[in-house]
Amino acid sequence: MKPIVLDRTRLGQYATCPRQAYLAMIWEALKAKANGLETFPWEKERIINVDPKLIEAMKAVIHQSTDSLLRECGTEIHDLLKQAFDECKNNLNLIPEWFVDNLPKIKPNIQPMAIRHARHAADLLSEYHVNILAVEHQVSLVIHPETATTPAVIVTMRYDLIGSGKGNLHVMDWKTGFKRLTNQEAAESFQAEFGAWLLFQQEPYKEINLLHWWYFETMWGTKAYARFDRLEEHPRLPGLTTEVAIQGRVLSAVDLFLKNCKDAWPLPYSCSWCEMIRFCPNADMSAKEIADDPKAYVDRLVVVTEWLKRQKAAATAWIKGKGPLAGTKVAYTRKVPQAKFSAGFEDLQKPKGPAKTGDDSIDGHFK
Ligand code: SF4
């Protein structure tokens, strides 16, 4: 039987919102069909009973490209970096020179943006002193072996760059979008957690207990970093090691796939980034409003922003003369200490001091 292969994008969708994964699966199957490409047996099975109205809505736009210029540029940068590593035989010292020779050949419509990314990529690589083990490397793991009635389930991921330090691994992933991640976001991202866990499961790395994960953000020349200690306690799941905690997250995503879960977990952040939002009736309302009619949303935003400015100006004038305005849980009041008069919300349920211990992390909890 042909195995079911789940890549990290699909697993990440299940971990974020199963409805997104479900809609993306239908979209990809229809798109593959429309382009005369292969659809997998499990995809065929799952799209048989889909609501015909949804199929119709997707088919109506199936030939529309979802690729923006930014995404096109991102793909181009990834390809360019791969080519640079190939032709320089993974010698990081040769890559900046390679860019100088090859950037002029890139498509003119994305050339200015590509030059910016390439310059940052070269700077980031110049500080990257590890022994390179693999570039653009696919790593897989069998989660469920094949049985008499079910195909094997394999999880897989492609790594941009894997390097080795002293008794540890360094993974680097190119990020070409506008978003800049904090280290906290890097540590919590499904990609980084899954990527670390998957490498920990590989035979050659069984003895490695520490993995450093780097996002190199080529738009800005910045980095986001996460550290994964296989045997240390997971920072958000006390009592579990990092490896066991991440394994739970991965296996529950696989499980959601196997159950063909379609639950919607709308959140403003995930819905705003969701490419299936136009087919989803459960989306976060604000994100949905933007997706449905971006022009009307911005026009309304202008009005609401102006209205809000006036409301705040009136409230600030009021508290200058008459003192704080108390709501149910917060007060609108003067911010202290501030040389200039400025106002903002203050939590009325904050514990009252005095609690001047000299430790900011403790004193910050008190007024
Ligand atoms: S729009 Fe939101 S709720 Fe709907 S599929 Fe996407 S992430 Fe899930």
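Quantities reported herein were computed from a predicted structural model and do not represent experimental measurements. Counting starts at 1 for both ligands and their atoms, in listed order.
Side-chain contact annotation: Thr156 with Gln138, donor-acceptor N/O pair under 3.5 Å present. A donor and an acceptor atom, one from each side chain of Trp98 and Glu87, are located under 3.5 Å apart.
By the neighbour-count criterion of 12 heavy atoms within 6.0 Å, atom CH2 of Trp265 is densely surrounded, having more than that number from other residues, nucleotides or ligands. Heavy-atom contacts from other residues, nucleotides or ligands closer than 6.0 Å to CD of Gln184 number 12 or fewer. More than 12 heavy atoms of other residues, nucleotides or ligands lie within 6.0 Å of NZ in Lys179, so this atom counts as buried by the packing criterion.
Residue pairs satisfying the ring pair (Phe, Tyr, Trp, His ring centres under 6.0 Å) criterion with at least one member in residues 133-162, sequence neighbours excluded, are absent.
Closer than 2.8 Å to atom 2 (Fe) of ligand 1 sit the protein N, O or S atoms Cys271 SG.
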